[in-house]
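Residues: numbered from 1 along the sequence shown. Every number for a ligand or one of its atoms is a count from 1 in the order of the listing. As the structure is a computational prediction, the values presented were derived from the model and not from experiment.
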Amino acid sequence: MKVGFVYDPIYLKHDTGQHVENAGRLQAIISHLEKTGLQQQLTPLKPRSASVEEISTVHNKQYITDIQNTGRKGAGWLDSDTVMSSESYQAAVYAAGGVIKATEAVMDGELDSAFALVRPPGHHATSQRAMGFCLFNNIAIAAKYALDKYKLERIMIIDFDVHHGNGTQQTFYDDPRVLYLSTHEYPFYPGTGGIEETGSGAGEGTTVNIPLSAGCGDAEYLLVFDQIVTPIARRFKPGLILVSAGYDPHWADGLALMQLSVTGFAQMVNTIKGLAEELCAGHLVLTLEGGYNHTALAASVKATFDMLLGNPDIEDPLGPPQRDIKSGDIDNLVRRIKERHSLP
Ligand SMILES: [Zn+2]
């Protein structure tokens with residue numbers, strides 16, 4: 001398997017100070033990939049900057065100008081938890097361009113799959129608003145690009161970050177070409193992502209929300225992937241699968257209350273990879289969203305690459321959950337989502 005990764009030191013220039021979403025996240029990932037020798041098994045891809053035209057397929061032009069101007073002024077807070085430094089705009093256009101580059105490499109057949117290791121993350125950014133550490137919605141911009149350049153009829157976005165990707169959902173809410181599916185802790189930030197949010201107009205049914213109670217771990221996620229994600233993907237038949245890969249549902253992550261292990265992430269990625277091979281010639285592109293425990297994040301990203309490469313053994317240095325949180329009734333939730341989306 002030929003697997004690529006996008007990375008560039010420009011992503012470290014988005015300086016957020018003591019913020020939980022900081023450059024140390026990517027540094028931890030890269031140093032772990034180097035130390036373990038995994039990086040040598042991967043094809044490096046240099047990102048490019050996304051153009052204003054490409055970004056404006058998702059964000060309005062005034063918003064893009066505002067972000068650029070905030071950067072020019074040196075720094076600033078865009079909302080209560082989203083901050084910019086003087087080079088954040090550059091990092092953000094390269095983050096969007098990085099996911100585009102990964103998508104091109106996969107769709108052009110240069111690679112089997114690719115993972116864009118970028119920041120700032122993107123899935124909370126709406127058409128006109130930065131929020132939740134996100135400036136531009138990288139995955140939505142790449143999806144729009146792929147629809148246009150490769151004339152794809154259908155793209156599936158799978159978002160396993162612990163937070164609901166409200167910005168991505170909004171972008172494609174009435175667009176039947178893009179199916180947005182999210183697993184997330186609920187109720188939780190940003191508040192959206194209930195079962196009843198299923199799309200509108202021509203896009204009715206192409207938004208699939210799986211709002212999980214706190215405490216869900218490997219068993220619950222695998223059940224959901226088996227019972228909902230897999231049949232939804234088979235019914236939709238995408239030409240490309242994009243993944244908002246957030247590792248904040250790991251049990252050691254301080255931002256949320258999920259119980260996934262590194263092994264659980266690997267199993268989810270393996271399922272997604274299998275769906276891509278079955279449904280769309282393996283076309284699979286991942287982009288980094290959250291994940292704030294550096295050890296868990298680095299180990300989980302490495303395990304993701306191991307799965308993409310087809311390496312049989314993964315390392316789970318943190319092991320199973322060391323905290324005790326009981327999940328809600330998963331069988332009942334799965335039944336309600338199946339009913340809502342007419343799954344057998
Ligand atoms: Zn998150």
Side-chain angles (χ1 to χ4, degrees), residues 11 14 16 19-26 28-29 78-83 91-92 95-96 99 115-126 129-140 157-171 180-194 197 207-217 220-221 224 229 242-262 264-265 268-269 272 286-301 303-304 323 325:
Y11 300 134
H14 171 48
T16 55
H19 197 287
V20 66
E21 198 295 291
N22 57 56
R25 299 175 60 233
L26 275 186
I29 292 171
L78 302 165
D79 83 340
S80 59
D81 54 18
T82 312
V83 68
V99 189
F115 192 167
L117 301 173
V118 302
R119 60 183 289 277
H123 72 154
H124 294 304
T126 73
R129 193 176 157 205
M131 58 186 278
F133 323 159
C134 302
L135 302 186
F136 298 136
N137 197 315
N138 308 318
I139 200 163
I157 298 178
I158 299 174
D159 185 334
F160 61 69
D161 189 279
V162 81
H163 303 96
H164 180 242
N166 58 297
T168 315
Q169 169 170 302
Q170 180 215 45
T171 305
Y180 176 70
L181 179 146
S182 174
T183 55
H184 46 273
E185 184 174 329
Y186 187 88
F188 199 43
Y189 182 88
T192 50
E197 296 165 29
T207 295
V208 180
N209 281 306
I210 304 171
L212 300 165
S213 72
C216 286
E220 288 79 17
Y221 273 86
V224 157
V229 182
L242 300 175
V243 180
S244 270
Y247 295 91
D248 38 13
H250 191 279
W251 65 262
D253 199 285
L255 259 67
L257 293 170
M258 289 311 208
Q259 297 280 63
L260 266 173
S261 70
V262 172
F265 282 113
M268 286 197 303
V269 169
I272 296 170
L286 298 88
T287 185
L288 185 66
E289 302 284 358
Y292 304 99
N293 176 303
H294 293 189
T295 310
L297 173 64
S300 300
V301 169
T304 297
R323 61 183 181 186
I325 309 166

Novice: From the N, O or S atoms in Asp161, identify the one nearest to the Zn ion (ligand 1).
Specialist: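 Nearest to the Zn ion (ligand 1) within Asp161's N, O and S set: OD1.
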
Novice: Is the Zn ion (ligand 1) less than 2.8 Å from an N/O/S atom of His163, whether that atom is in the backbone or a side chain?
Specialist: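 Yes, since at least one N, O or S atom of His163 sits under 2.8 Å from the Zn ion (ligand 1).
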
Novice: Would you check if the Zn ion (ligand 1) lies under 2.8 Å from any N, O or S atom of Glu289?
Specialist: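 Within the cut-off used here (under 2.8 Å), Glu289 places no N, O or S atom near the Zn ion (ligand 1).
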
Novice: Restricting to N/O/S, name the atom of Asp248 that gets closest to the Zn ion (ligand 1).
Specialist: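 Sorting the N, O and S atoms of Asp248 by distance to the Zn ion (ligand 1) puts OD2 first.
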
Novice: Just checking His163 against Phe188, ring centres under 6.0 Å apart?
Specialist: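 Yes: the rings meet the under 6.0 Å criterion.
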
Novice: Can you name the residues that form a side-chain contact (heavy atoms from CB on, under 4.5 Å) with Ser213, not counting sequence neighbours?
Specialist: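 Expected list: Cys216, Ser327.
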
Novice: Rounded to the nearest 0.5 Å, how far does CG of Asp161 lie from CE of Met258?
Specialist: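 Answer rounded to 0.5 Å: 11.0 Å.
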
Novice: Pair Arg25, Leu288 - check side chain to side chain contact (heavy atoms under 4.5 Å, CB included), show working.
Specialist: CA-CA 11 Å; Arg25 299 175 60 233; Leu288 185 66; 4.1 Å; yes

